[in-house]
Amino acid sequence: MSAPKKLFVKTYGCQMNVYDSERMVGALGTAGYEQVQDPAEADMILLNTCHIREKAAEKVYSELGRMRPLKDAKPDLKIGVAGCVAQAEGAEIMRRQPMVDLVVGPQAYHRLPAMEAKVQAGETALDTDFPEEDKFDHLPAPRGPKASRAPTAFLTVQEGCDKFCAFCVVPYTRGAEVSRPGARLLAEARDLVERGVADITLLGQNVNGYHGAGIDGDWTLARLIRELAKIDGLERIRYTTSHPNDMTDDLIDAHGEVEKLMPYLHLPVQSGSDAVLAGMNRRHTAEEYLRLIERIRAARPDIAMSGDFIVGFPGETEADFADTIALCEEVRYASAFSFKYSARPGTPAAGRTFVGDDVASERLGRLQALITDHQRSFQRAQVGKRMSLLVEKAGREPGQMIGKTPWLHAAHFDGPQTTQGNVVEVEIIGSNTNSLSARAI
Ligand code: SAH
Ligand code: SF4
Ligand code: F3S
């Protein structure tokens, strides 16, 4: 057998791209590739890209520019672009950067081995179809020894989005909502647990809209979570990202009843102004969102909220922005992401008048200061509490291990290497800039 060819993958964007990159490594593994960490060693470089904001998309072209010398030094090097920029721009990428050999959209990854063969034959390959067949049926999970894997993993359960928020490219780059069958997801989760995974994050662009074929009729996300919770050795379940309008009663109940479902929920609202929410096509009001959080907190009082905000959406006035600040004050997020609005080609909001970069930057600064303040006080409030920690790896100091709390804080404690991959009970004894200190009990 010939020596394996070497594949370097760089991943941008959301967690789904992280999951997809692993699958592409698996798919190209069947074509004789092994993954390397240094692009200079590679026979093929794949960029798994994100199109969500203009800056994210432009990064791809600057990265391709940086790869020029590698291609000059090794003319056989193949360069591929995958992900949401590939889907959105297609052949345009090869026009702008002729050294790109392969462009593959998110729904065509199972066709990568055939595309690779074409590229090896000296042709270019482009596939941005939304094929009928289920790509997941043909995408092997990467195999590896148990010890080499982190105890956390992503599992894509749903892909695509039918919501069409006025600012967002995802419905165009990922296509219509598709849910994977429950039985397959249970099998994949069991397989992950056998390989040492204890914490699974279920992924979907609109994950709480999940409605997959179950073993006894259609399953909701809540039902899927209840079935997953029966797997021995799976200790923690999370899911992301959710839309407020799909936060159904059975899912809220699950937060109160399923112990393995972690008390942390990413539920983006984007704005606290009803006028802006309407302009964004979010289809709910700020008040409805706040009442929803009240119900979730009633079911699970220790739940921490996380969210996303867009600042400077077309039409946003100072009064609208004040509503966003007020909503943020009321929710007090444990963590939240906020972004300056970026007009995306082909989306409904793209033609509307932007508030201007100076206004948006200034508002973003104010919102981020508030979020950081809440985030820090939430972190400090952990001190003195007892909680479980999923131990992920050795810390920087000798004898130190690092794990994650149920609320996604990193915490370090003195403990043996043998705790790696296990859940241990700790008391939080200190709060530092980016982590907590803990003591095993
Ligand atoms: N599926 C997720 C969204 C994925 S995009 C959801 O429905 O919440 C992640 C975040 O990027 C969004 O929540 C939004 O806050 C931000 N975002 C999306 N499009 C954007 C745009 N055009 N400009 C700025 N931020 C954007
Ligand atoms: Fe984009 Fe809205 Fe769909 Fe989220 S719900 S992926 S923001 S269109
Ligand atoms: Fe980006 Fe596509 Fe994810 S646009 S955020 S990589 S779905």
Side-chain angles (χ1 to χ4, degrees), residues 10-21 24 47-60 81-89 105-107 109 128 154 156-178 202-210 239-247 265-272 276-277 279-284 289 306-314 316 324 333 335-352 354-355 357 360-361 363-364 367-368 371:
K10 183 158 179 175
T11 309
Y12 303 83
C14 61
Q15 290 110 325
M16 196 171 287
N17 267 8
V18 176
Y19 178 88
D20 285 346
S21 286
M24 286 193 271
L47 302 182
N48 192 8
T49 62
C50 174
H51 200 246
I52 201 80
R53 284 168 290 275
E54 191 182 354
K55 261 198 197 133
E58 280 308 312
K59 257 190 214 161
V60 179
V81 177
C84 290
V85 176
Q87 188 63 43
E89 298 188 2
Q107 301 310 324
Y109 293 156
T128 53
F154 295 129
T156 294
V157 304
Q158 176 276 335
E159 192 171 0
C161 184
D162 299 339
K163 293 271 190 282
F164 291 91
C165 299
F167 50 81
C168 186
V169 294
V170 170
Y172 313 98
T173 63
R174 294 278 169 168
E177 283 180 24
V178 177
L202 309 178
L203 296 182
Q205 268 87 32
N206 190 18
V207 70
N208 57 345
Y210 177 85
Y239 61 92
T240 196
T241 293
S242 297
H243 192 287
N245 289 359
D246 288 324
M247 227 38 235
L265 178 61
H266 185 63
L267 193 64
V269 66
Q270 314 298 353
S271 169
V276 173
L277 286 169
M280 288 176 164
N281 192 32
R282 293 290 293 184
R283 300 167 199 251
H284 63 76
Y289 178 80
S306 136
D308 291 341
F309 290 92
I310 294 177
V311 166
F313 186 77
E316 185 188 76
T324 296
Y333 291 92
S335 150
F337 302 95
S338 46
F339 311 97
K340 221 188 303 181
Y341 170 70
S342 171
R344 307 306 292 128
T347 60
R352 303 182 202 163
F354 182 43
V355 300
D357 203 53
S361 297
R363 287 178 190 166
L364 184 66
L367 181 61
Q368 287 185 338
I371 290 169

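Order of listing sets the numbers, starting from 1, for every ligand and every atom in it. No hydrogens, no waters, no symmetry mates; every other heavy atom, side chains included, goes into these values.
- In this structure a side-chain-to-backbone donor-acceptor pair under 3.5 Å is present from D162 to E177.
- R344 places none of its side-chain heavy atoms less than 4.5 Å from the side chain of I52.
- For ligand 3 and C84, the ligand atoms under 4.0 Å from any heavy atom of the residue are 2 (Fe), 4 (S), 6 (S), 7 (S).
- Here the shortest heavy-atom pairing between Y289 and P244 reads CD1-CG, 3.8 Å.
- In this structure, K163 does not count as a contact residue of ligand 1, since none of its heavy atoms falls inside 4.0 Å of the ligand.
- Less than 4.0 angstrom separates some heavy atom of V170 from each of these atoms of ligand 2: 6 (S).
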Given the rule in the side chain to side chain contact (heavy atoms under 4.5 Å, CB included) test, do S271 and M280 qualify, once you have shown the distances and angles that lead to the verdict?
CA-CA 9 Å; S271 169; M280 288 176 164; 4.3 Å; yes

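- Backbone and side-chain nitrogen or oxygen atoms of F167 are examined, and one is located within less than 3.5 angstrom of a nitrogen or oxygen of ligand 1.
- Side-chain contact between R363 and K340 is absent, with no heavy-atom pair separated by less than 4.5 Å.
- Residue-ligand proximity, Q205 to ligand 3, at heavy-atom distances under 4.0 Å covers atoms 7 (S).
- For ligand 1, the atoms closer than 4.0 angstrom to any heavy atom of R53 are 11 (O), 16 (C), 17 (N), 23 (N), 24 (C), 25 (N), 26 (C).
- In the vicinity of T241, heavy-atom distances shorter than 4.0 Å reach the ligand 1 atoms 2 (C), 6 (C), 8 (O).
- Under a 4.0 angstrom heavy-atom cut-off, R282 registers as being in contact with ligand 2.
- Less than 4.0 angstrom separates some heavy atom of K163 from each of these atoms of ligand 2: 3 (Fe), 5 (S).
- The protein heavy-atom contact nearest to atom 22 (N) of ligand 1 is S342 O, 2.8 Å.
- For R344, the closest heavy-atom approach to ligand 1 falls below 4.0 Å.
- Within the listing of ligand 3, atoms 1 (Fe), 4 (S), 5 (S), 6 (S) sit less than 4.0 angstrom from a heavy atom of C50.
- Put simply, the side chain of Q87 gets close to the backbone of T128: a donor and an acceptor are under 3.5 Å apart.
- Taking the six-membered ring where the residue is Trp, Y341 and F354 present tilted rings, their angle falling between 30° and 60°.
- Heavy atoms of N206 come nearer than 4.0 angstrom to ligand 1 in no pair at all.
- Between the side chains of Q107 and E159, at least one donor N or O sits under 3.5 Å from an acceptor N or O.
- Considering only non-hydrogen protein atoms, atom 1 (Fe) of ligand 2 sits nearest to C168 SG, 2.3 Å.
- Side-chain atoms of N17 come within 3.5 Å of backbone N or O of T49 as a donor-acceptor pair.
- Distances from atom 12 (C) of ligand 1 to the heavy atoms of D246, D308, N208 show the closest one on D308.
- Listed by atom number, the atoms of ligand 2 under 4.0 Å from P171 heavy atoms are 8 (S).
- For F164 and Y172, the distance between ring centers is under 6.0 angstrom.
- For V170, the heavy-atom gap to ligand 1 stays at 4.0 angstrom or more.
- Each of the following atoms of ligand 2 lies closer than 4.0 Å to a heavy atom of F164: 8 (S).
- Of all protein heavy atoms, the one lying nearest to atom 4 (S) of ligand 3 is H51 N, 3.2 Å.
- Heavy atoms of R174 approach ligand 3 to within less than 4.0 angstrom.
- Between the N208 side chain and the D246 main chain, a donor and an acceptor come within less than 3.5 Å of each other.
- Protein heavy atom in closest approach to atom 6 (S) of ligand 3: N17 ND2, 3.3 Å.
- For ligand 1, the atoms closer than 4.0 angstrom to any heavy atom of Q270 are 12 (C), 13 (O), 14 (C), 15 (O).
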Walk me through it: do V157 and L203 pass the test side chain to side chain contact (heavy atoms under 4.5 Å, CB included)?
CA-CA 6 Å; V157 304; L203 296 182; over 6 Å; no

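- Under the 4.5 Å side-chain criterion, counting only non-hydrogen atoms from C-beta, V60 is not in contact with E89.
- Taking a 6.0 Å sphere around CD of E54, one finds it holds 12 or fewer heavy atoms contributed by other residues, nucleotides or ligands.
- Under a 4.0 Å criterion applied to the non-hydrogen atoms of F167, ligand 2 contributes the atoms 7 (S).
- Under the 4.0 angstrom criterion, atom 4 (C) of ligand 1 counts as lacking any protein heavy-atom contact.
- The residue from K340, R174, M16, Q205 that puts a heavy atom closest to atom 24 (C) of ligand 1 is K340.
- Scanning the protein heavy atoms around atom 3 (Fe) of ligand 3, the nearest turns out to be C14 SG, 2.3 Å.
- Between F339 and F167, the distance from one ring center to the other does not fall under 6.0 angstrom.
- For atom 18 (C) of ligand 1, the closest non-hydrogen atom on the protein side is I52 CG1, 3.5 Å.
- Closest to atom 2 (Fe) of ligand 2 among all protein heavy atoms lies C165 SG, 2.3 Å.
- In summary, the atoms of ligand 1 found under 4.0 Å from a heavy atom of P268, numbered by their order in the structure, are 8 (O).
- Near H243, with a cut-off below 4.0 Å to any heavy atom, the atoms of ligand 2 are 5 (S).
- Counting heavy atoms from C-beta outward, R283 and H243 have side chains that stay 4.5 Å or more apart.
- Heavy atoms of P268 found under 4.0 angstrom from ligand 2: none, in either backbone or side chain.
- Among protein heavy atoms, the minimum distance from atom 3 (Fe) of ligand 2 is reached at C161 SG, 2.2 Å.
- Side-chain atoms of D20 and N48 include no donor-acceptor pair closer than 3.5 Å.
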